[in-house]
Participant: 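Could you have a look at this structure, given as structure tokens, before my questions?
Below, all heavy atoms of this structure are taken into account, side chains as well, without hydrogens, waters or symmetry copies. Each ligand, and each atom within it, is numbered from 1 in the order the structure gives.
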Amino acid sequence: MLSQMQRALRIVHSGWKARILTTVPERVKQMRVSRRVFARWMSAAAALAASGRWNPLVAPPNVAAQPVALKDLVPKGWLIGVAINQNQSDGRDGVAVDLVTRQFNAISPENLLKFQSLHPEPDRFTFDAQDRYVAFGLDHGMAVIGHTLVWHSQTPAWVWAATDGGLADRATMLERMRVHIATVVGRYKGKIRGWDVVNEALNDDGTLRDSPWRRGIGDDYIAKAFEFAREADPGAELYYNDYNLATRPAKRAGAIRIIKELQQRGLRIDAVGEQGHWRLESPTTTEIDQTITELRATGVKVMITELDVNLLPPAAPPAPGQPREPAANPYVDGLPDDVQQALARCYANAFRVFLKHRDDMTRVTFWGVSDGDSWLNRGRMNYPLLWDRQRQPKTAFEEVAKVLMAKS
Ligand code: XIL
């Protein structure tokens with residue numbers, strides 16, 4: 001089986017280099033792996049081919065030979081996920097669909113299940129594309145994640161408005177929240193594995209964000225959201241999700257307070273998500289390590305829910321009609337190799353920490369399939385993910401795969 005596999009892919013191992021002599025980019029052909037890792041890689045590929053889950057002889061067009069799939073390398077019981085857009089859940093972006101279904105075992109909806117997509121007007125829900133997203137995941141045997149029920153962003157203004165245009169009162173806003181959660185979570189009962197019930201409720205200093213939900217309902221809007229979600233689907237996992245939990249200890253402490261309060265009220269909370277919108281140097285591996293330890297000490301599991309690594313300098317958008325400063329968009333002609341390598345090291349280091357906490361974590365989800373899909377471009381050229389704009393695996397993919405392969 002193995003030699004047939006090697007012949008099929010025309011892979012050889014000589015010296016310290018595994019050479020994959022198929023139509024993959026030069027850097028993939030020249031991967032440096034030890035014979036031990038190479039042997040493991042080959043047996044993983046052979047096992048996959050034997051199980052019928054992967055056939056190297058019928059690789060679809062435009063898809064790079066990917067000798068391994070992340071979903072086959074992660075620790076048993078882990079979900080490895082990706083956020084997909086509507087072109088992907090509707091099947092129009094066939095190359096991405098192939099990549100997603102071969103590599104991942106969980107999906108998150110990049111925008112489709114946000115309040116404004118689902119419930120644009122008080123008496124109007126839109127479910128067509130949403131139903132297709134859920135069916136896409138279930139048809140492919142993936143865990144389907146719901147994102148997100150209660151958030152200050154991407155929520156239509158009517159949700160918080162009184163008839164006079166001011167802020168709706170507590171009872172009105174609570175009833176709107178209840179109806180939304182009951183309808184949406186109820187519709188996908190038994191189908192959506194878990195929900196980001198409340199998203200981004202905290203300021204960076206750990207105090208509660210002054211969101212319209214909080215202004216209208218009070219601090220217990222968070223508890224109410226979890227209560228309504230449990231009522232709507234007692235079997236669904238329920239999550240609190242936020243960013244900067246690794247870089248801001250005060251914000252992390254705020255998340256821990258939220259979790260403990262939910263627990264004291266006897267409400268269901270299964271996991272906490274650090275979004276993981278990270279940069280090359282931040283957070284450090286020590287910060288990631290400590291964050292997982294501290295969050296896990298509450299008793300809930302930890303997830304990285306929106307992982308990407310922003311390589312661009314912080315920059316305000318250019319003034320209307322003005323060109324952008326070239327320094328704000330340094331990689332228009334491609335990513336220099338040293339930055340490519342630094343990105344790979346950054347991901348590899350993060351995954352080493354995740355593996356150290358393999359029993360504390362349940363999921364790692366990337367926020368987008370390939371660099372071209374990422375929300376971090378916004379008019380610039382960013383390179384935050386594991387697959388490049390041609391949907392080819394980057395050095396970062398290889399390094400993550402190696403770390404996962406060497407796990408035991
Ligand atoms: C982003 C999407 O990726 C974009 O397409 C959209 O324009 C804005 O929202 N935190 C979250 C996600 O919880 O929902 C956000 O997704 C990224 C930040």
Side-chain angles (χ1 to χ4, degrees), residues 81-90 92-93 96 100 104 106-120 126 129-130 133 144-157 159 180 184 192 194-204 208-209 211-213 222 225 229 237-248 251-252 254-255 258 271-279 282-283 291 295 302-312 314 317 363-387 389:
V82 62
I84 60 174
N85 61 36
Q86 198 183 333
N87 268 333
Q88 294 158 353
S89 47
D90 279 351
R92 285 188 294 273
D93 182 352
V100 167
F104 297 96
I107 48 169
S108 295
E110 189 175 2
N111 286 299
L112 275 176
L113 292 186
K114 293 173 180 175
F115 208 123
Q116 71 178 16
S117 311
L118 272 164
H119 196 174
T126 49
Q130 288 73 8
Y133 158 77
V144 181
I145 305 301
H147 171 84
T148 176
L149 297 169
V150 173
W151 191 22
H152 63 276
S153 181
Q154 294 183 272
T155 301
V159 176
H180 179 78
V184 174
I192 287 196
W195 281 96
D196 289 337
V197 179
V198 176
N199 197 33
E200 303 182 353
L202 292 161
N203 294 312
D204 274 356
L208 285 184
R209 184 193 286 271
S211 104
W213 285 116
I222 300 175
E237 294 181 356
L238 305 181
Y239 317 129
Y240 176 70
N241 195 52
D242 214 326
Y243 61 95
N244 281 355
L245 301 184
T247 45
R248 307 279 179 147
K251 190 168 190 178
R252 195 187 312 149
I258 288 177
V272 52
E274 150 64 19
Q275 291 182 1
H277 296 298
W278 292 344
R279 308 186 70 87
S282 171
T291 300
L295 293 175
V302 180
M303 310 177 300
I304 306 297
T305 51
E306 306 183 13
L307 185 57
D308 49 26
V309 177
N310 189 348
L311 298 179
L312 296 181
R363 171 161 63 94
V364 177
T365 290
F366 293 87
W367 204 246
V369 177
S370 70
D371 288 342
D373 301 305
S374 171
W375 72 304
L376 293 175
N377 289 300
R378 287 180 282 202
R380 296 191 283 173
M381 286 282 272
N382 215 331
Y383 303 79
L385 295 165
L386 301 191
W387 279 268
R389 283 176 169 69

Participant: Please walk me through it: do Leu376 and Asp371 pass side chain to side chain contact (heavy atoms under 4.5 Å, CB included)?
Facilitator: CA-CA 9 Å; Leu376 293 175; Asp371 288 342; over 6 Å; no

Participant: Classify the angle between the aromatic ring planes of His147 and Trp367 as parallel (below 30°), tilted (30 to 60°) or perpendicular (above 60°).
Facilitator: perpendicular

Participant: Looking at Tyr383, does the NZ or CZ of Arg389 lie under 6.0 angstrom from its six-membered ring centre and within 45 degrees of the ring axis?
Facilitator: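 The answer is yes; both the distance and angle limits are met.
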
Participant: Are side-chain N/O atoms of Trp195 and Glu237 paired as donor and acceptor at under 3.5 Å?
Facilitator: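 Side chains of Trp195 and Glu237: no pair found under 3.5 Å.
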
Participant: For Trp375, which of Asp308, Asn111, Asn85 qualifies under side chain to side chain donor-acceptor pair (under 3.5 Å)?
Facilitator: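 That would be Asp308.
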
Participant: Could you pull out every protein residue that has a heavy atom closer than 4.0 Å to ligand 1, ordered by chain and then number?
Facilitator: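 Within 4.0 Å of ligand 1, the protein residues are Glu110, Asn111, Lys114, His147, Trp151, Gln154, Asn199, Glu200, Gln275, His277, Glu306, Trp367, Trp375.
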
Participant: Does the side chain to side chain contact (heavy atoms under 4.5 Å, CB included) test come out yes or no for Glu274 and Ile304, once each step is laid out?
Facilitator: CA-CA 5 Å; Glu274 150 64 19; Ile304 306 297; 4.1 Å; yes

